[in-house]
Amino acid sequence: MAGKKAAKLTREVYERELLRLQTELVKLQEWVRAEGARLVVVFEGRDAAGKGGTIKRVAEHLNPRVARIAALPTPTERERTQWYFQRYVEHLPAAGEIVLFDRSWYNRAGVEHVMGFCTKEEHQLFLRQCPIFERMLVEDGILLRKYWFSVSDTEQQERFRRRLEDPLRQWKLSPMDLESITRWEAYSRAKDEMLVHTDITEAPWFVVESDDKRRARLNMIAHLLGSVPYHEVPPQVLRLPPRPPSTGYERPPRDLQTYVPDHTAGL
């Protein structure tokens, strides 16, 4: 018998726990920087599964010089002639860096395969090479975490509907996104085959149930924190220096500069 569906988190509980986890993410960031670690987090899943919102919460309070988001566009003509993994390699972290992949090399196992943007031979080659590629990353010391955001067909369709009606989120939709509704089973088969080949001991997949976005975000971040052996790094002790006495500087007249109009005056 299926388990009872968990009650929806209240905003107060969600925001309190999110803040606590984000505070821990800052500690993780400082550990990565101090230890010279390299952390890669892969976010994959169906369209509208909640990847982008989770990435936003992960990165919200992190230093963009340490933690950056890699969301690669469609490959150029030159990149199409390269080894498939080549353009992703240049986005991998150096010592003391975190990279969050908003979709990744797994494009080939999903959208490229289902939509016919790669050949069957290219798809099979990817499935053979991907575990080798990821083992190389891990053997070289990179901390690799892979998350698959799982959303039901009914919830995905509802999120698409809301995006269509929301002018602030319509940009998130494309004809290809909507076509994924008619190819649900094809994407399901592609995901299943991908997991069979790439769910390896060195870099396993972790599935995030994401019909409830709040729970998905908290569960994913908590798991990430629990999977990395970080510890709190004592912060550098800083003190505000006393302001020095004036040496006679005077600001130039306001009419010599162009100021932004006060839009708020009419509110």
Side-chain angles (χ1 to χ4, degrees), residues 1-3 5-6 40-55 70-72 74-75 83-85 87-88 100-138 142 144-160 172-213 215-217 219-224 227:
M1 182 181 294
K5 186 176 180 181
V40 170
V41 187
V42 169
F43 294 80
E44 289 288 346
R46 295 180 185 272
D47 297 316
K51 302 179 297 297
T54 305
I55 293 171
L72 276 61
T74 303
W83 176 48
Y84 177 71
F85 295 94
R87 76 187 191 118
Y88 294 98
L100 311 173
F101 276 97
D102 185 356
R103 293 200 181 276
S104 65
W105 44 89
Y106 282 100
N107 276 335
R108 177 137 296 178
V111 64
E112 289 190 18
H113 173 52
V114 174
M115 300 301 295
F117 297 151
C118 67
T119 65
K120 291 182 179 179
E121 293 74 19
E122 288 172 331
H123 176 240
Q124 290 301 310
L125 180 62
F126 169 84
L127 294 178
R128 291 197 302 272
Q129 288 187 342
C130 184
I132 300 171
F133 172 66
E134 292 182 351
R135 286 189 181 102
M136 291 173 65
L137 300 183
V138 174
I142 288 178
L144 176 60
R145 301 294 183 267
K146 304 186 303 190
Y147 293 96
W148 176 270
F149 285 72
S150 178
V151 65
S152 65
D153 52 351
T154 53
E155 178 62 22
Q156 183 194 50
Q157 189 151 353
E158 175 61 19
R159 290 178 185 178
F160 281 160
K172 290 186 174 184
L173 278 178
S174 70
M176 192 179 304
D177 295 330
L178 298 179
E179 190 168 347
S180 67
I181 295 176
T182 64
R183 300 189 183 225
W184 180 269
E185 290 192 1
Y187 273 105
S188 296
R189 294 189 183 96
K191 181 261 294 183
D192 292 343
E193 186 176 11
M194 176 196 79
L195 291 178
V196 166
H197 287 84
T198 64
D199 187 19
I200 59 176
T201 302
E202 297 87 345
W205 277 104
F206 298 101
V207 178
V208 181
E209 294 286 357
S210 62
D211 273 12
D212 185 326
K213 287 185 177 182
R215 288 186 181 276
R217 293 164 185 168
N219 289 339
M220 179 268 151
I221 297 173
H223 182 275
L224 173 63
S227 74

Within the distance-only criterion (no hydrogens, no angle test), does the side chain of D199 pair as donor or acceptor with the backbone N or O of L195 below 3.5 angstrom? no

For E155, what residues pass the salt bridge (charged side-chain N to carboxylate O under 4.0 Å, His left out) criterion, not counting sequence neighbours? R159, R162

Hey, could you give me the CZ/CE distance between R108 and M194, rounded to the nearest 0.5 Å? 15.0 Å

Taking only residues two or more places apart in sequence, or in another chain, which ones meet Y147 in a ring pair (Phe, Tyr, Trp, His ring centres under 6.0 Å)? F206, H223

M115 and Y187: side chain to side chain contact (heavy atoms under 4.5 Å, CB included), yes or no, with the steps? CA-CA 9 Å; M115 300 301 295; Y187 273 105; 3.7 Å; yes

Side-chain (S210) to main-chain (A216) donor-acceptor, under 3.5 angstrom: no

With sequence neighbours left out, the residues meeting salt bridge (charged side-chain N to carboxylate O under 4.0 Å, His left out) with R145 are none

Using the six-membered ring wherever Trp is involved, compare the ring planes of Y88 and F101 and label them parallel, tilted or perpendicular (cut-offs 30° and 60°). tilted

Less than 3.5 Å apart, which donor and acceptor atoms pair up between the side chains of residues 131-138 and the rest of the protein, not counting sequence neighbours?
{"from": "E134", "atom 1": "OE1", "to": "Y106", "atom 2": "OH", "distance (Å)": "3.3"}
{"from": "E134", "atom 1": "OE1", "to": "K146", "atom 2": "NZ", "distance (Å)": "2.7"}
{"from": "E134", "atom 1": "OE2", "to": "W105", "atom 2": "NE1", "distance (Å)": "2.9"}
{"from": "E134", "atom 1": "OE2", "to": "Y106", "atom 2": "OH", "distance (Å)": "2.6"}
{"from": "R135", "atom 1": "NE", "to": "E202", "atom 2": "OE1", "distance (Å)": "3.2"}
{"from": "R135", "atom 1": "NE", "to": "E202", "atom 2": "OE2", "distance (Å)": "3.2"}

Closer than 3.5 angstrom, by distance alone: can the side chain of D211 be matched with the main-chain N or O of S152 as a donor-acceptor pair? yes

Under the 3.5 angstrom rule, does the side chain of K51 hit a backbone N or O of R46 as a donor-acceptor pair? yes

Do the side chain of Q156 and the main chain of I181 share a donor and acceptor less than 3.5 angstrom apart? no

Candidate pair R103 and L72, rule side chain to side chain contact (heavy atoms under 4.5 Å, CB included), full reasoning: CA-CA 8 Å; R103 293 200 181 276; L72 276 61; over 6 Å; no

Distance in Å, T198 OG1 paired with E44 CD, rounded so as to fall on 0.5 Å steps: 9.5 Å

Salt bridge (charged side-chain N to carboxylate O under 4.0 Å, His left out) for R189 and E193? Distances and angles first, verdict last. CA-CA 6 Å; R189 294 189 183 96; E193 186 176 11; over 6 Å; no

Please name all residues satisfying ring pair (Phe, Tyr, Trp, His ring centres under 6.0 Å) with H197, sequence neighbours left out, ordered by chain then number. none

Apply salt bridge (charged side-chain N to carboxylate O under 4.0 Å, His left out) to E179 and list each qualifying residue two or more places apart in sequence or on a separate chain. R183

Taking every non-hydrogen atom, the tightest pair across V151 and W184: O-CH2, 3.2 Å

Test side chain to side chain contact (heavy atoms under 4.5 Å, CB included) on E112 and E122; report intermediate values, then the result. CA-CA 10 Å; E112 289 190 18; E122 288 172 331; over 6 Å; no

Could you give me the CA-CA distance, side-chain angles and deciding distance for M220 and V41, then say whether side chain to side chain contact (heavy atoms under 4.5 Å, CB included) is met? CA-CA 11 Å; M220 179 268 151; V41 187; 4.0 Å; yes

Say whether W83 and Q129, considering side chains only, have a donor N or O and an acceptor N or O under 3.5 Å apart. yes

Sub-4.5 Å side-chain heavy-atom contact between V42 and W148: no

T54 OG1 to L100 CG distance, which is reported to the nearest 0.5 Å: 11.0 Å

